[in-house]
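Note that the structure is predicted; figures quoted are calculated from it, not measured. Here is the naming used below: chain letters follow the sequence lines, and residue numbers restart at 1 for every chain.
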Protein chains: 2
Amino acid sequence: MPIYCPTLLPKNHLPENLPFLPPHVGMNRFPSLNTAKTCTLASSAVLRRQQFLIRALLGGHRDHTHQKIRMQGLSSATGTNSDVDSESILRAITPVLDQSRHKGQAGKVAVIGGCREYTGAPYFAAISALKIGADLSHVFCTKDAAPVIKSYSPELIVHPILEESYSISTFEEKDRRHLLAEVIGEVDKWMERFDCLIVGPGLGRDPFLLDCVSEIMKHARQSNVPIVVDGDGLFLVTNNVDLIRGYPLAVLTPNVNEYKRLVQKVLSCEVDDQDAQEQLLGLAKQLGGVTILRKGKSDLISDGEIVKSVSIYGSPRRCGGQGDILSGSVAVFVSWARQHAIAEGNLDISPKNPTVMGCIAGSALLRKAASLAFASKKRSTLTGDIIEFLGRSLEDVCPAV
Amino acid sequence: MPIYCPTLLPKNHLPENLPFLPPHVGMNRFPSLNTAKTCTLASSAVLRRQQFLIRALLGGHRDHTHQKIRMQGLSSATGTNSDVDSESILRAITPVLDQSRHKGQAGKVAVIGGCREYTGAPYFAAISALKIGADLSHVFCTKDAAPVIKSYSPELIVHPILEESYSISTFEEKDRRHLLAEVIGEVDKWMERFDCLIVGPGLGRDPFLLDCVSEIMKHARQSNVPIVVDGDGLFLVTNNVDLIRGYPLAVLTPNVNEYKRLVQKVLSCEVDDQDAQEQLLGLAKQLGGVTILRKGKSDLISDGEIVKSVSIYGSPRRCGGQGDILSGSVAVFVSWARQHAIAEGNLDISPKNPTVMGCIAGSALLRKAASLAFASKKRSTLTGDIIEFLGRSLEDVCPAV
């Protein structure tokens with residue numbers, strides 16, 4: 001089944017010979033359309049379809065051959081070029097599969113999230129990790145959320161260990177402390193086995209639950225386990241920056257609003273979109289070298305030393321849950337990048353920081369999968385549809401064998 | 001839909017004429033590639049793809065004709081040749097289907113497993129048994145796990161009868177004994193109907209629960225019901241070997257770590273990979289003739305009398321849950337092998353021990369299904385994908401009609 005079918009468009013709207021163009025053809029193939037993009041016709045349905053056509057040809061694929069992901073780089077305000085070849089990074093860090101490997105070597109990740117209110121988000125993050133190629137994916141959630149998350153898929157290992165305040169409202173302070181210690185003990189039994197934690201998808205903001213999660217993060221840090229922080233995990237971290245300050249294995253993945261609160265809290269100023277890269281660099285540096293993936297039209301990534309951008313075309317669909325795919329995806333790639341870095345001793349690619357590499361790979365893969373899903377499902381595209389394209393998107397860039 | 005499609009590979013990477021080769025073509029069709037396997041080019045992407053192609057042709061199938069599964073045999077340290085023709089065994093023991101048969105004749109199996117923490121594993125084992133061809137598949141699990149396992153599939157019969165210590169923490173000793181008797185009574189009502197028990201998938205290690213399972217195993221043994229032991233069932237058995245010692249209808253399916261603990265406990269030494277077959281033979285003999293399937297790159301199988309190996313190419317994907325498929329699969333084939341042995345009086349194939357035949361058949365079928373799933377889903381392959389190929393894998397070897 002072709003993922004992108006030009007015949008869906010009225011023929012008289014197609015640029016000459018377009019169906020016969022190779023799928024990697026670039027924007028410069030259509031100078032007149034580029035120009036048109038800014039003209040007053042921009043709002044017409046005809047032009048919108050033409051623009052979609054071009055974007056689909058840039059980002060989408062019509063067959064399974066090895067094709068280029070095109071990156072539209074941004075220039076940093078400091079003059080550093082932030083263009084990034086995410087395809088090379090994906091290939092460099094994705095492990096080769098062979099018969100001698102055993103269960104767990106391709107990655108064991110754990111999501112800390114899922115409460116009475118939210119169950120989809122931790123599922124999306126955890127199943128995305130498996131679909132990309134992790135061997136084991138755990139979820140640590142509240143007792144209410146566990147049966148639901150389990151029921152989404154038998155592939156996940158779901159631990160019903162967290163508690164929210166409403167379920168312990170009659171507890172005295174010493175009972176709460178005892179319970180908190182029990183929760184930490186349950187996670188600690190597993191901690192050393194994990195290659196990465198994902199803190200935040202569907203976490204909620206219950207005070208007792210966030211106290212537990214703060215402790216879990218401290219233990220992860222002591223064990224040198226990387227932590228990807230998203231969603232309500234960012235709410236927690238923004239209010240308690242010391243949880244991640246100075247931890248080089250922490251990755252924050254804020255969206256527009258989460259980034260705004262982080263900038264206000266840490267830099268005591270407003271977001272500056274003119275000097276976006278400079279400001280991101282400063283924020284990551286101010287946080288002691290954590291890695292930040294600022295989600296947006298282009299994803300910007302910085303560890304306080306460098307700034308990189310990923311601008312490959314994704315999808316115009318903004319259904320909820322895509323951030324959860326990203327957090328699961330980044331967690332797997334950070335795990336692989338660390339393995340790669342440890343195995344190789346030194347890396348022959350740039351950037352060399354495994355958390356930055358993981359962010360670049362995760363961002364690029366999500367965008368590619370979203371593009372393929374949108375080409376297939378259009379307005380109907382849901383997060384689950386994008387997850388189904390993660391495997392093929394990685395396979396296109398980096399065949400398993 | 002073709003499972004393996006050579007057109008997915010760039011054409012210049014294909015050995016000449018490969019798409020037109022008959023699907024049963026063997027390794028000797030590509031002497032140059034065999035040689036290349038060991039040369040310095042081994043790490044190149046081109047060669048990896050070629051090697052995959054060969055493996056896919058050996059292990060995969062492009063149509064439903066009756067084709068050869070190739071076995072790469074190992075020689076036993078005693079000089080006994082352990083090559084095994086799993087295809088003949090699959091054909092010999094798989095029952096012919098006809099209109100005169102009634103429900104249950106193709107096998108009734110039961111999984112003892114599933115607790116608050118684990119629900120996927122018992123589901124995988126139980127549904128695999130059905131997908132291979134068993135008529136009825138039961139799960140005996142804890143009250144917490146039952147609704148979740150039921151939600152995975154309406155095809156299973158799920159009994160919420162087991163208890164974990166946390167749910168009976170206020171019980172006095174006599175109440176516990178009463179509850180234990182009740183649990184055993186519930187299982188005993190069904191015991192005589194089962195052709196095989198699978199003890200361990202997602203069982204957990206709760207002390208009270210393991211006490212219940214020990215009693216269930218004793219009752220199964222009294223009723224001469226075969227028992228396949230995996231996962232936490234092996235933890236139980238390793239700490240109490242008398243549960244299975246001298247029971248010829250017991251099958252243990254340890255992975256690397258479980259086998260290590262078993263060897264240490266029973267033989268009071270470390271695993272010897274140089275004399276792997278000899279040691280396995282000794283271990284099975286020491287346990288009084290139980291059958292052990294040691295999972296690994298090649299699966300080794302011994303009942304203390306003979307050693308056989310299954311080395312058919314499976315998949316390099318090591319996602320969790322494949323061991324659960326194996327336990328469900330072995331249970332069905334052990335049931336069928338026993339029926340066959342009883343019906344025929346004496347068998348005209350070797351080996352003659354039904355538990356050994358069941359292990360060989362189960363191992364070969366899982367590997368074949370994993371190979372087909374991987375050819376289709378690559379790194380994204382999950383345990384559920386492999387289960388979907390069990391039926392076709394058996395059909396390829398042994399058509400239903």
Rounded distance (nearest 0.5 Å) linking atom [atom1] of [X] with atom [atom2] of [Y]:
| X | Y | atom1 | atom2 | answer |
| --- | --- | --- | --- | --- |
| B/Ser380 | A/Arg392 | OG | CZ | 12.0 Å |
| B/Lys377 | A/Lys131 | NZ | NZ | 5.0 Å |
| A/Leu130 | B/Arg317 | CG | CZ | 7.0 Å |

Top residue by heavy-atom pair count (under 4.5 Å) with chain A, among [options]?
| options | result |
| --- | --- |
| B/Ser315, B/Gly202, B/Gly321, B/Gly296 | B/Ser315 |
| B/Gly314, B/Gly323, B/Gly320 | B/Gly320 |
| B/Thr119, B/Thr383, B/Leu382 | B/Leu382 |

Open item on the list: For A/Phe194, I'd like to know if atom CZ has over 12 heavy atoms of other residues, nucleotides or ligands within 6.0 Å.
Closed with: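 Yes.
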Open item on the list: Let's test your reading of the structure: which of A/Gly133, A/Ala106, A/Gly104, A/Pro160 forms the most heavy-atom pairs below 4.5 Å with chain B?
Closed with: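 Among the listed options, the one with the most contacts to chain B is A/Gly133.
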Open item on the list: Shorter than 4.5 Å, heavy atoms on both sides: which option in A/Val158, A/Ile157, A/Leu390 has the most such pairs with chain B?
Closed with: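 That would be A/Val158.
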Measure distances from [X] to the heavy atoms of chain B and classify the residue's part below 4.5 Å as side chain, backbone, both or neither.
| X | answer |
| --- | --- |
| A/Ala134 | backbone |
| A/Ser137 | neither |
| A/Ile127 | side chain |
| A/Lys143 | side chain |

Given heavy-atom pairs under 4.5 angstrom as the criterion, report whether the side chain, backbone, both or neither of [X] touches chain A.
| X | result |
| --- | --- |
| B/Thr381 | neither |
| B/Tyr123 | side chain |
| B/Ser151 | side chain |

Open item on the list: Ignoring hydrogens, what is the shortest heavy-atom contact between A/Ala400 and B/Lys378? Give both atom names and the distance.
Closed with: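 Minimum heavy-atom separation between A/Ala400 and B/Lys378: CB-CB, 4.1 Å.
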Task: Over all atoms of both residues, closest heavy-atom pair of A/Ile132 and B/Arg379 - done: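 Closest pair (atom of A/Ile132, atom of B/Arg379, distance): O-CB, 3.7 Å.
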- [ ] For A/Lys150 and B/Ile149, indicate whether the former's side chain and the latter's backbone hold a donor-acceptor pair under 3.5 Å.
- [x]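 No, A/Lys150 side chain to B/Ile149 backbone: no donor-acceptor pair under 3.5 Å.
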